[in-house]
Amino acid sequence: MVDARLEGLDSWYAEGWKGLRVAVLGLGATGFSVADTLVELGSDVTVYAPDGAEDTVELLDVIGARFERTPLDTVPAALEARTPDLVVVSPGLPPHNASVRWATEHSTVWGDVELAWRVRDKVVRGPIAAPWVTITGTNGKTTTTQLTTAMFTAAGLRAVACGNIGVPVLDVVRDPEGFDVLVVELSSHQLHYMPTTGDGAVVPLASACLNIADDHLEWHGSAEAYRAAKAKVYERSVMACVYNTADDATRRMVEEADVVEGCRAVGFTPGVPAPGDVGIVDDVLCDRAFTEDRRNSALELATVADLEQAGLASPHMTMNVLAAAALARAAAVEPAHIRTAVQGFRADHHRTEHVATADGIAWVDDSKATNPHAATASLASFDTVVWIVGGQFKGVDIDGLVERFGPDARAVVVIGTDRTPVLEAFARHAPAVPVLQVEATDTDQVMPEAVRHAASVARPGDTVLLAPAAASFDQFGSYADRGRRFAAAVHEHLGGTADGDDGPAERA
């Protein structure tokens, strides 16, 4: 359903925002940024959410927005009574949510990214609003977004990583200093609510889908719907659609995308790149896409030694670097700036992060492996592991992961409130591998017990790997909380006998 009042709302300075009746569903960081933006535009804003941080609710009152504390799994009576001109949905709410379904039938539904694109011209540093580079994928989004941003920054541009990475894109477009380029990480949830035509359709300078594996199926309803959402990242791209040559699904997405004439498909590969791609030749990261004589020559971007120095040499991290380099080159970032960014980069915590080594046993935190695809990359990086696995599986099957890696594990330590999928998978595919279950249910005790179990079976040369292949919310506040508790339990267990870091220090 389209309201005539919304036509022409393609600029911060459009008159139609004033007095527009808007309902915002959800009050996380994204929901507040939506409400704050719309109030500043002069709209009449009501936020509907079952809960919200006390200080955030107070801020809504301060800025002049109303708040209705109400469940959203049934349609709030106040929402029906107001019949808003527009409903902006926070990305955590799935399309089958009752309030979202009602909004779709009775109003116009936008996501926060569409709203941000429409008002991106609030602060303009150059002749036009800052271009967007958009990134998605089942895994590696955040690291690739950070790497791409670092490459732009090394080139002297004022760049920012935003979107699903934790900084709402609406906060960025309202920054009073403005930016030269926005590097926008997009989740499948955000992409679901993004249109591909009309004034609200993003036109990215360059775009990438890093990889695809089943995830968030309970939210999207099917693997097909999940993939369709991810494919939207390529629509209307201007310079380059960057895809994974080892993942045919990403290639097909590019082939099927409706892009601006002249936009190029650029593959990234850990092997020798074909003309038009980026890859590796003799331990050198090479660009054969953005060079005049790409059939006969290549530009050096960085070396494998640079990756090793920065802790980016694992197979999945190398692919992230290559994807980021392709995106940066699409925006004319010079190779020297890409190398500078790689040399100075350090990945975030909880991404195959070394915690400690003691008695020949390495302890590694990959709590960010929140699905089987992410855990695959982590498990493939080590020879013999004691694997700590389990959590909230989000409707995703772990059977294939266990079939591939389970038989070679030294042992498995199972965490999580629902351990049945893991136990059954190991019984089928790796019945000889010792399985140790963490019986503690108190959050404070889960990781100490898991570490004790792991230490009891690990041998010199092994890696104790926290790669849960599942979300954390059944027992922990977040994947970061899970990782921090693992690292703390490791250091407490080792009691100062570890080589290397005393603990996971925050990076500047």
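All values below come from the heavy atoms of this structure, side chains included, with hydrogens, waters and symmetry mates left out.
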Would a 4.5 Å heavy-atom cut-off, applied to side chains only, mark [X] and [Y] as touching?
X	Y	answer
Val57	Asp61	no
Tyr193	Val100	yes
Leu38	Leu115	yes
Pro315	Pro270	no
Glu40	Trp12	yes
Asp283	Thr303	no
Val342	Met151	yes
Val173	Lys122	no

Could you give the distance from [atom1] ([X]) to [atom2] ([Y]), rounded to the nearest 0.5 Å?
X	Y	atom1	atom2	answer
Thr134	Leu186	OG1	CG	6.0 Å
Leu466	Trp363	CG	CH2	11.0 Å
Arg346	Gln309	CZ	CD	6.0 Å
Ser381	His316	OG	NE2	5.0 Å
Met319	Leu312	CE	CG	14.0 Å
Asp55	Leu60	CG	CG	10.0 Å

Counting only N and O atoms by type, is there a donor-acceptor contact under 3.5 Å from the side chain of [X] to the main-chain atoms of [Y]?
X	Y	answer
Asp175	Val172	no
Thr318	Ser314	yes
Arg288	Pro273	yes
Trp17	Ser11	yes
Thr30	Ser90	no
Ser107	Pro84	yes
Thr269	Gly271	yes
Arg125	Glu177	yes
Arg120	Trp117	yes
Thr370	Ala470	no

Residue that, paired with [X], satisfies side-chain contact (heavy atoms from CB on, under 4.5 Å) out of [options]:
X	options	value
Tyr48	Val87, Leu27, Leu72	Leu72
Thr136	Ser188, Ser187, Cys209	Cys209
Cys286	Val281, Thr291, Val272	Val281

Which pair of non-hydrogen atoms, one from [X] and one from [Y], has the smallest distance, and what is that distance?
X	Y	value
Ser237	Val259	O-CB, 3.6 Å
Leu182	Ala130	CD1-CB, 3.8 Å
Val169	Cys162	CG2-SG, 3.9 Å
Thr145	Thr149	O-OG1, 2.8 Å
Leu327	Phe152	O-CZ, 4.5 Å
His491	Ala356	CE1-CB, 4.1 Å

Asp282, CG: over 12 other non-hydrogen atoms inside 6.0 angstrom: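 Atom CG in Asp282 is not crowded, with 12 or fewer foreign heavy atoms closer than 6.0 Å.
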
Trace of the side-chain contact (heavy atoms from CB on, under 4.5 Å) decision for Thr196 with Lys232: CA-CA 7 Å; Thr196 57; Lys232 287 185 179 183; 3.9 Å; yes

Geometric cation-pi criterion, Arg264 with Phe290: 6.0 Å, 45°: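 Yes, cation above the ring, under 6.0 Å and within 45°.
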
Residue from Arg329, Arg294, Arg339 passing salt bridge (Lys or Arg N to Asp or Glu O under 4.0 Å) with Asp287: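 Passing option: Arg329.
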
Short side-chain donor-acceptor distance under 3.5 Å, Asn211 and Asn139: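 Absent: no donor and acceptor within the cut-off.
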
Residue pair Ser33 / Asp36, side-chain donor-acceptor N/O under 3.5 Å: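 Checked: Ser33/Asp36 side chains show no N/O donor-acceptor pair below 3.5 Å.
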
Candidate pair Arg485 and Val446, rule side-chain contact (heavy atoms from CB on, under 4.5 Å), full reasoning: CA-CA 9 Å; Arg485 289 177 182 274; Val446 172; over 6 Å; no

Test side-chain contact (heavy atoms from CB on, under 4.5 Å) applied to Tyr243 and Asp277, step by step: CA-CA 9 Å; Tyr243 70 96; Asp277 294 346; 4.3 Å; yes

Check against side-chain hydrogen bond (donor to acceptor under 3.5 Å, both in side chains), Asp481 and Ser478: CA-CA 5 Å; Asp481 176 45; Ser478 64; 5.5 Å; no

side-chain contact (heavy atoms from CB on, under 4.5 Å) evaluation trace for Leu86 with Leu9: CA-CA 12 Å; Leu86 171 67; Leu9 291 183; over 6 Å; no

Derivation and outcome, salt bridge (Lys or Arg N to Asp or Glu O under 4.0 Å), residues Arg118 and Glu114: CA-CA 6 Å; Arg118 288 172 178 270; Glu114 175 173 0; 2.9 Å; yes

